[in-house]
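Lettering follows sequence order; numbering is per chain, from 1. The basis for the numbers below is simple: all heavy atoms, side chains too, and nothing from hydrogens, waters or symmetry mates.
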Number of protein chains: 2
Amino acid sequence: MKLHNSLGPNPRIVRMFAIEKGIELDKVEVDLMSAENRQAPFLEKNPSGQLPALETDDGAFVSEVTAICEYLDEKSSGPSLVGSTPEERAEARMWTRKVDLNICEPMANGFRFAEGLELFKDRLICIPQAADDLKATAQSGLDKLDGWMAGRTFLCGDRMTMADVFLFGMLDFFASAGQPVRPELKNVSAWFAHMADRPSAEASLHEVAAAVGMRG
Amino acid sequence: MKLHNSLGPNPRIVRMFAIEKGIELDKVEVDLMSAENRQAPFLEKNPSGQLPALETDDGAFVSEVTAICEYLDEKSSGPSLVGSTPEERAEARMWTRKVDLNICEPMANGFRFAEGLELFKDRLICIPQAADDLKATAQSGLDKLDGWMAGRTFLCGDRMTMADVFLFGMLDFFASAGQPVRPELKNVSAWFAHMADRPSAEASLHEVAAAVGMRG
């Protein structure tokens with residue numbers, strides 16, 4: 001297995017998840033800033049051009065962080081970070097998609113269509129006139145989550161799952177790019193601080209990122 | 001297990017998936033149009049208010065269609081519609097999230113912020129100024145998918161999976177709500193016709209939907 005790795009929140013989520021699972025991943029660095037991922041030879045192997053991408057031992061490419069995390073979870077031993085029963089897995093997958101659609105995707109698009117516009121304008125359809133409302137949508141999602149998190153340590157109660165690693169990786173990246181975690185969200189802020197304290201949070205930051213002055 | 005069921009593309013996806021898996025689901029109808037799902041007692045049981053929601057035998061509520069489909073897949077026998085190996089499951093989950101983020105979510109939001117504005121304006125942050133570009137984003141995602149589908153019967157090659165049922169359910173609903181599948185997308189159109197021919201497609205249409213003149 002080989003992780004095609006880069007700057008940005010998505011690869012960091014996979015690195016953090018792998019560390020939590022005790023998996024040592026071989027990594028190949030791909031230069032996102034120069035769009036190396038949008039050209040041959042990378043594009044020939046991984047037609048979607050997305051990063052991160054996990055190259056499996058049989059040569060297939062898996063992209064999409066949540067699919068990669070579930071794959072790593074299934075391929076390794078130790079406690080599952082998805083769940084040990086169908087009910088637990090359903091709960092973790094439900095929360096992963098809830099935060100994905102209601103918080104992370106509007107937050108990322110809010111960034112891509114504003115602060116990130118220069119980088120993204122030739123890579124996807126950008127909607128600058130929606131940036132502020134997308135950021136407001138993400139904050140509204142966090143408001144609701146704050147109510148949910150009252151009395152909970154993690155999204156799924158006492159159980160740290162893929163959903164926490166995913167949301168933390170996104171929030172931590174965009175906090176340094178104009179969308180901080182608002183301190184008045186007491187429950188989300190406490191959870192965020194708790195996640196940031198895990199050794200995997202620091203250990204998954206990108207070495208190259210520091211060199212170019214960007215949070216990896 | 002009990003499916004809290006309603007109009008709309010999401011419950012239909014779960015109904016179609018269940019039929020494909022040979023699962024007979026007990027259903028409770030919830031009136032989406034009058035926002036029954038946004039009030040007690042439903043909201044007390046399912047705080048997110050989302051439909052569909054699967055009530056498990058131990059009383060937990062699972063929302064998010066992809067989490068519900070994976071749960072049904074795990075709880076029933078017969079060939080899996082996710083995959084029988086970690087590699088197959090990764091592929092199906094990857095395609096599910098790809099079409100979710102790149103096609104279905106922009107398509108649904110394009111609808112909510114335009115044709116659906118009256119229904120959704122008090123339920124979520126609507127971004128009418130983004131509606132046209134969101135629809136264009138969905139079509140651009142379908143353009144790319146059309147290239148991918150050349151020579152493929154399903155998203156994951158010869159294997160019909162959750163990703164196909166999910167995408168079909170979304171496209172079929174929005175086709176009747178201003179976002180048709182463009183015939184020039186030859187491969188996507190062929191796949192769509194093929195999916196529409198499956199007995200599960202017709203059988204999963206909502207009985208109540210016909211009564212209110214809306215595709216369920």
Engaged part of B:A136 at the chain A interface, taking heavy atoms whose separation is under 4.5 Å: both
Contact class of A:P47 relative to chain B, heavy atoms under 4.5 angstrom: side chain
Tell me the closest heavy-atom pair linking B:A130 and A:I127, and the distance in Å. CB-CG2, 3.9 Å
Short donor-acceptor contacts under 3.5 Å linking chain A with chain B:
residue : atom : partner : partner atom : Å
A:S48   : OG   : B:K98   : NZ           : 3.1
A:Q50   : OE1  : B:K98   : NZ           : 2.9
A:S63   : OG   : B:K98   : NZ           : 2.8
A:E64   : OE1  : B:R97   : NH1          : 2.8
A:E70   : OE1  : B:R93   : NH1          : 3.4
A:Y71   : OH   : B:E87   : OE2          : 2.5
A:E74   : OE1  : B:R89   : NE           : 3.0
A:E74   : OE1  : B:R89   : NH2          : 2.7
A:E74   : OE2  : B:R89   : NE           : 3.0
A:E74   : OE2  : B:R93   : NH1          : 3.0
A:K75   : NZ   : B:E87   : OE2          : 3.1
A:E87   : OE2  : B:Y71   : OH           : 2.5
A:E87   : OE2  : B:K75   : NZ           : 3.1
A:R89   : NE   : B:E74   : OE1          : 3.0
A:R89   : NE   : B:E74   : OE2          : 3.0
A:R89   : NH2  : B:E74   : OE1          : 2.8
A:R93   : NH1  : B:E70   : OE1          : 3.3
A:R93   : NH1  : B:E74   : OE2          : 3.0
A:R97   : NE   : B:D100  : OD2          : 2.8
A:R97   : NH1  : B:E64   : OE1          : 2.8
A:R97   : NH2  : B:D100  : OD1          : 3.1
A:R97   : NH2  : B:D100  : OD2          : 3.2
A:K98   : NZ   : B:S48   : OG           : 3.1
A:K98   : NZ   : B:Q50   : OE1          : 2.9
A:K98   : NZ   : B:S63   : OG           : 2.8
A:D100  : OD1  : B:R97   : NH2          : 3.1
A:D100  : OD2  : B:R97   : NE           : 2.8
A:D100  : OD2  : B:R97   : NH2          : 3.2
A:Q129  : O    : B:Q129  : NE2          : 3.1
A:Q129  : NE2  : B:Q129  : O            : 3.1
A:Q129  : NE2  : B:D133  : OD2          : 3.0
A:D133  : OD2  : B:Q129  : NE2          : 3.0

Interchain contact, A:L134 with chain B, by part (heavy-atom threshold 4.5 Å): both
Between A:A90 and chain B, which part of the residue has a heavy atom less than 4.5 Å away: side chain, backbone, both or neither? both
Contacting moiety of B:F61, where chain A heavy atoms sit under 4.5 Å: backbone
